[in-house]
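Values below: all heavy atoms of this structure, side chains included; hydrogens, waters and symmetry mates excluded.
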Amino acid sequence: MHQRMSAMHSGKALTNAVFRFVLVLVLPAIMLLIMVKGLEVTNHINLPVVDVATQVIQQDGKPTYREVSLPHNYTLGSGFSYGQYSLVLPKAGGDTTAILLPPFRDTLVMRTGGELIWQTAPVSYSRERMMPRFRYQPVYHEFPNRLFDGENLAVSIDIGSSGGLRLPQIYAGTPEEVKPVYQRLYWSQIGVHKVMLWLTPVITMFYLMLWWFRRQNSEYLYFALGTVCWALTNMTFTISNLPISQHIYWMLSVSLQPMLTLFMVLFLHRWYGIEGRKLEYGFVCVSLLLVVASFALYEWDPQYLWWRFNESFLRGFVALSAVYIGGILLWQACLRHSLSALILAISGLVGVYAGVLDSLDGMQLLDMYFPLSIHANLLIFLTLCGLLMYRYVSALNKSEELQKTLEDKVVEAVKRFEQEQSIAHESEKQRALLTERQNLLSDMHDGLGSQLVELITLLRVKSVGREDLQLKAQQCLNDLRLILDSRNPLFETQFTVLLGQWRSRIEPVLEASGIDLAWSLDICDEEMHLSAQQKLDLLRVFQELITNTIKHAKDATRVMFCCQMESNSLHIQITDDGKCSEEQDDSDHGYGLASIQSRVKRLGGQCHFQRGTSGASTEMIIPTGKEAGNRT
């Protein structure tokens with residue numbers, strides 16, 4: 001089954017390729033035939049026509065006359081003298097007779113009675129002289145009727161140029177009858193040339209800008225260079241009346257043709273992504289060699305060797321390049337199943353066919369009055385502009401689709417991230433709550449629990465006084481309050497309020513013991529970065545020092561609490577004026593100081609005790625920076 005499906009698919013692909021092959025070969029020929037039929041407007045001219053003339057042939061110094069039909073192609077002789085004719089122009093009504101010559105190649109000089117009455121352009125016999133070109137252009141001229149002898153005007157015509165002999169039919173009539181026909185002929189034959197010459201700078205700048213902004217797409221550069229070569233060739237070879245010498249004319253026309261085919265080959269290679277560096281180098285070398293050889297031969301022997309070289313090598317290279325370009329277009333149209341490749345191949349082969357026909361016409365093997373390449377080139381330019389627009393729109397649509405897909409994925413990722421963040425936040429909240437509970441239980445076990453055990457132990461001792469029991473119970477209550485205050489969110493960023501809360505609890509206890517409290521506080525809450533556990537440890541240190549003062553400072557009447565902030569640290573000093581003898585039992589007092597030192601060390605601070613008969617003093621330095629809040 002799989003083999004049968006594969007065979008059907010291969011057969012369908014082969015049929016499609018054959019159809020494309022036939023379409024690309026046949027459709028351009030049909031389009032050219034339609035173009036030729038549309039351009040042959042001379043068959044529809046309804047004007048009086050002069051279609052018979054007498055040709056003057058010089059033989060052995062004697063003129064010979066013979067009747068010929070127009071249009072007529074004939075030359076006998078050498079150099080640039082291509083023929084002399086005599087004919088009769090009919091007179092039109094009114095004051096002026098207008099004549100119309102359909103598109104022809106040559107320079108025409110008209111005389112009556114030996115007097116020059118009109119010429120299309122001066123005939124040049126030297127390559128250094130100026131040589132205006134009027135190839136393929138219709139000609140319009142008006143004669144005053146006073147020149148006519150009765151109803152007719154006998155004229156002699158000399159035709160001479162480097163393009164070959166061709167005397168066309170001559171149409172006559174009033175200016176009102178002839179001029180509209182001339183305008184129609186002009187714009188159908190030459191108008192496209194003019195339009196393309198006007199559009200050439202715009203097209204060139206457009207593709208150069210495309211290449212400048214997308215320099216990785218070098219096909220735009222090569223197409224722009226090819227457009228320039230085509231424009232210069234067209235100006236110098238087809239319709240130009242530029243005042244240039246024959247030397248410059250021939251050098252430009254001959255040199256630009258191989259360069260045009262070279263740039264078109266490079267353009268197609270880049271457009272279709274064809275890898276052929278060695279072939280491209282060969283095209284470059286041959287093109288430059290032909291240009292250099294053409295210049296050298298024209299300077300050495302322009303009459304024989306250069307003409308042979310031009311007609312054989314140079315035209316052969318252009319023809320082979322055109323065949324190669326047509327082969328690329330045909331192959332890509334059959335290989336690629338895309339409409340753009342098919343359209344480009346059809347328009348490109350129209351240009352190839354038109355170039356072949358124009359070359360045959362240039363060698364006088366055909367008898368056409370109009371060029372086909374210019375119309376084909378317009379078709380190619382329009383096709384490429386359409387394909388570029390299609391490529392741009394397709395890329396834009398694809399970009400918008402990718403952007404929309406990306407936006408949808410971003411929205412989905414944001415929603416997923418928010419959900420994960422919500423889950424993580426809830427998990428973190430539960431973890432923080434569990435940690436807080438564990439810390440609270442640990443603080444109550446280590447602090448309040450141990451003090452309750454001591455209180456129970458004292459209750460079992462009958463000799464313990466009531467005041468000692470009351471002091472121990474007050475310590476248990478104060479420790480519980482410290483634990484709760486350190487966890488209170490209201491005091492999280494207000495350490496001064498937390499100290500004030502602690503002060504309101506210890507001050508009555510000191511007053512009951514006959515001790516006054518001197519309070520000095522100078523700190524900034526914004527610079528305090530202590531965690532809840534660190535605040536609890538610090539309050540326990542303060543609580544332990546006040547308890548030691550109440551228990552061990554004999555005859556104490558005053559306690560001074562001083563807390564100041566300097567350089568991201570707390571400087572704390574607690575002093576009393578109580579007496580302490582050397583014989584006093586310091587077992588409990590020593591245990592309390594050791595606990596204080598342990599807590600201060602855990603806070604990353606320093607502690608210094610000083611005791612004497614005149615009182616006791618404790619100095620501490622506790623860091624409060626951000627690194628202190630991260631201390632474990």
Side-chain angles (χ1 to χ4, degrees), residues 40-77 80-123 134-161 163-186 189 364 367-370:
E40 288 179 347
V41 294
T42 54
N43 298 331
H44 306 286
I45 300 177
N46 296 318
L47 293 172
V49 60
V50 178
D51 54 4
V52 177
T54 301
Q55 185 179 14
V56 182
I57 302 175
Q58 298 289 338
Q59 292 183 345
D60 299 329
K62 297 180 180 181
T64 302
Y65 304 94
R66 68 171 183 169
E67 298 291 326
V68 295
S69 298
L70 302 182
H72 181 68
N73 289 338
Y74 182 77
T75 182
L76 182 64
F80 293 94
S81 178
Y82 284 90
Q84 183 179 3
Y85 298 83
S86 61
L87 52 86
V88 177
L89 297 178
K91 181 180 179 181
D95 297 330
T96 305
T97 298
I99 64 170
L100 169 66
L101 280 70
F104 73 108
R105 304 173 189 268
D106 304 293
T107 301
L108 180 146
V109 179
M110 188 175 293
R111 295 181 175 87
T112 179
E115 181 183 355
L116 176 65
I117 59 174
W118 176 60
Q119 65 178 10
T120 58
V123 180
F134 291 92
R135 189 177 185 183
Y136 296 124
Q137 292 195 52
V139 178
Y140 174 83
H141 188 68
E142 297 180 3
F143 294 105
N145 284 346
R146 57 180 173 79
L147 297 176
F148 285 74
D149 183 10
E151 296 297 321
N152 297 312
L153 177 63
V155 296
S156 64
I157 296 177
D158 293 326
I159 294 181
S161 75
L165 176 65
R166 171 173 290 173
L167 179 61
Q169 291 177 317
I170 301 177
Y171 297 90
T174 64
E176 292 77 13
E177 295 173 338
V178 177
K179 186 169 292 185
V181 179
Y182 165 75
Q183 294 292 341
R184 186 166 63 252
L185 275 177
Y186 180 87
Q189 308 292 336
Q364 300 185 23
D367 190 18
M368 294 193 305
Y369 294 98
F370 44 82

How far apart are the closest heavy atoms of Ala172 and Pro90, and which atoms are they? CB-CG, 3.9 Å

Could you tell me whether the side chain of Val181 reaches within less than 4.5 Å of the side chain of Tyr140, counting heavy atoms only? no

Between Pro168 and Leu70 the two heavy atoms that sit nearest each other are O-CD1, 3.7 Å

Quick one: OG1 on Thr174 to CD on Glu142, what's the gap to the nearest 0.5 Å? 9.5 Å

Looking at Asp95, I want to see if its CG is surrounded by more than 12 non-hydrogen atoms of other residues, nucleotides or ligands under 6.0 Å. no

Separation of Leu89 CG from Ile170 CD1 (nearest 0.5 Å): 6.0 Å

Do Met110 and Ile99 come close enough that some side-chain heavy atom pair is under 4.5 Å? yes

Just to verify, what does Thr54 make a side chain to side chain contact (heavy atoms under 4.5 Å, CB included) with, not counting sequence neighbours? Tyr65, Glu67, Ser86

Would a 4.5 Å heavy-atom cut-off, applied to side chains only, mark Val88 and Val50 as touching? no

Hey, what do you get for CD (Glu177) to CG (Leu100), rounding to the nearest 0.5 Å? 12.0 Å

Heavy-atom side-chain contact between Asp158 and Arg111 under 4.5 Å: yes

Going by heavy atoms in the side chains, are Val52 and Leu87 under 4.5 Å from each other? no

Out of Val139, Ile157, Val109, which residue meets the side chain to side chain contact (heavy atoms under 4.5 Å, CB included) rule with Trp118? Val139

Run the side chain to side chain contact (heavy atoms under 4.5 Å, CB included) test against Glu115 and tell me which residues pass, sequence neighbours left out. none

Measure the shortest side-chain to side-chain distance between Tyr171 and Leu185 over non-hydrogen atoms and say whether it is less than 4.5 angstrom. no

Donor-acceptor contacts under 3.5 Å from residues 143-151 side chains, at least two apart:
{"residue": "Asn145", "atom": "OD1", "partner": "Thr97", "partner atom": "N", "Å": "3.3"}
{"residue": "Asn145", "atom": "OD1", "partner": "Thr97", "partner atom": "OG1", "Å": "2.6"}
{"residue": "Asn145", "atom": "ND2", "partner": "Ala92", "partner atom": "O", "Å": "3.3"}
{"residue": "Asn145", "atom": "ND2", "partner": "Gly94", "partner atom": "O", "Å": "2.5"}

